[in-house]
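This report concerns only the one structure given below.
By convention here, the first residue in the shown sequence is residue 1. Nothing here was measured: the structure is a model prediction, and the numbers come from that model.
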Amino acid sequence: MVVVPEDREAMDGADRRAVYIISVAAELAGVHPQTLRIYERKGLVRPQRTSGNTRRYSEADVDRLRRIQALTQGGVNLAGAKRIMALEEELHRMSTRVAQLEARLEDHAIPMPGQHAGMAIMPLSSVFSPPW
């Protein structure tokens, strides 16, 4: 299961609990454990650490690893994958913000100019015809 930005809200706390050790996370994502270390060094994934400094991966981390794999297998390098994923996250944040603002606008409608004076806004072409 690859998590798309729209599905992030659906993830509950259990999906974010870091429970997988590196070998299990690597197997679930279909990569070698050394690849996970490289991804961590490049800043693509940030596993949690135990008090003994052991890496622990959550289901969300595994989904992120699968997304990285899909991008790299599609010909994108790691820097590109990191940028694409950052842009996807930004798009998700902006989409959420736009939805919030639209909801606020629906709750607080803004009257159009001229409505109170008995005037209507009309297209300029309906009252003015150009000379050509």
Counting only heavy atoms not in Glu27, do more than 12 fall under 6.0 Å of its CD?
no
Under 3.5 Å, side chain of Arg56 to main-chain N/O of Arg17, donor-acceptor pair present?
no
Glu40 with Arg49: basic N within carboxylate O range, under 4.0 Å
yes
Should Glu102 and Arg97 count as an ion pair when the cut-off is N to O under 4.0 Å?
no
Closest approach of Asp61 to Pro47 (non-hydrogen atoms, all atoms of both residues):
OD2-CA, 4.2 Å
Got a donor-acceptor contact below 3.5 angstrom from the Arg64 side chain to the Leu44 backbone?
yes
Test item: Gln48 and Arg55 side chains (from C-beta on) under 4.5 Å apart, heavy atoms
no
Evaluate the criterion side-chain contact (heavy atoms from CB on, under 4.5 Å) for residue pair Leu65 and Leu36; output intermediate values, then yes/no.
CA-CA 8 Å; Leu65 294 169; Leu36 299 190; 3.5 Å; yes
Does any part of the side chain of Val24, heavy atoms only, come nearer than 4.5 Å to the side chain of Ile21, both counted from C-beta?
yes
Nearest 0.5 angstrom please: Ser23 OG to His32 NE2, how far?
10.5 Å
Have Tyr20 and Glu59 got a donor and an acceptor in their side chains that come within less than 3.5 Å?
yes
Closest contact, heavy atoms only, Ile22 versus Pro33:
CD1-O, 3.6 Å
Verify, without hydrogens or angle tests, whether Thr54 (side chain) and Thr50 (backbone) share a donor-acceptor contact under 3.5 angstrom.
no
Are any of the side-chain heavy atoms of Ile84 and Arg67 separated by less than 4.5 Å?
yes
Taking Ile38 as the starting point, is it possible to reach Met85 by hopping between hydrophobic residues whose side chains are less than 4.5 Å apart?
yes
pair Asn77-Thr72: side-chain heavy atoms closer than 4.5 Å
no
Just by distance, do the side chain of Lys82 and the backbone of Lys42 share a donor-acceptor pair under 3.5 Å?
yes
Looking at Asp63 and Arg66, does any basic side-chain N land under 4.0 Å from a carboxylate oxygen?
yes
Go through Tyr39 and Gln34 one step at a time and tell me if the side chain to side chain donor-acceptor pair (under 3.5 Å) criterion holds.
CA-CA 9 Å; Tyr39 289 174; Gln34 186 61 35; over 6 Å; no
Test side-chain contact (heavy atoms from CB on, under 4.5 Å) on Ile68 and Val31 and set out the steps.
CA-CA 10 Å; Ile68 295 166; Val31 297; over 6 Å; no
What verdict does the salt bridge (Lys or Arg N to Asp or Glu O under 4.0 Å) test give for Glu90 and Arg83, after you've listed the backbone C-alpha separation in whole Å, the side-chain angles of each residue and the deciding distance to 0.1 Å?
CA-CA 10 Å; Glu90 180 70 13; Arg83 183 69 180 139; over 6 Å; no
Which atom pair, heavy atoms only, marks the closest approach of Val76 to Gly80?
CG1-C, 3.5 Å
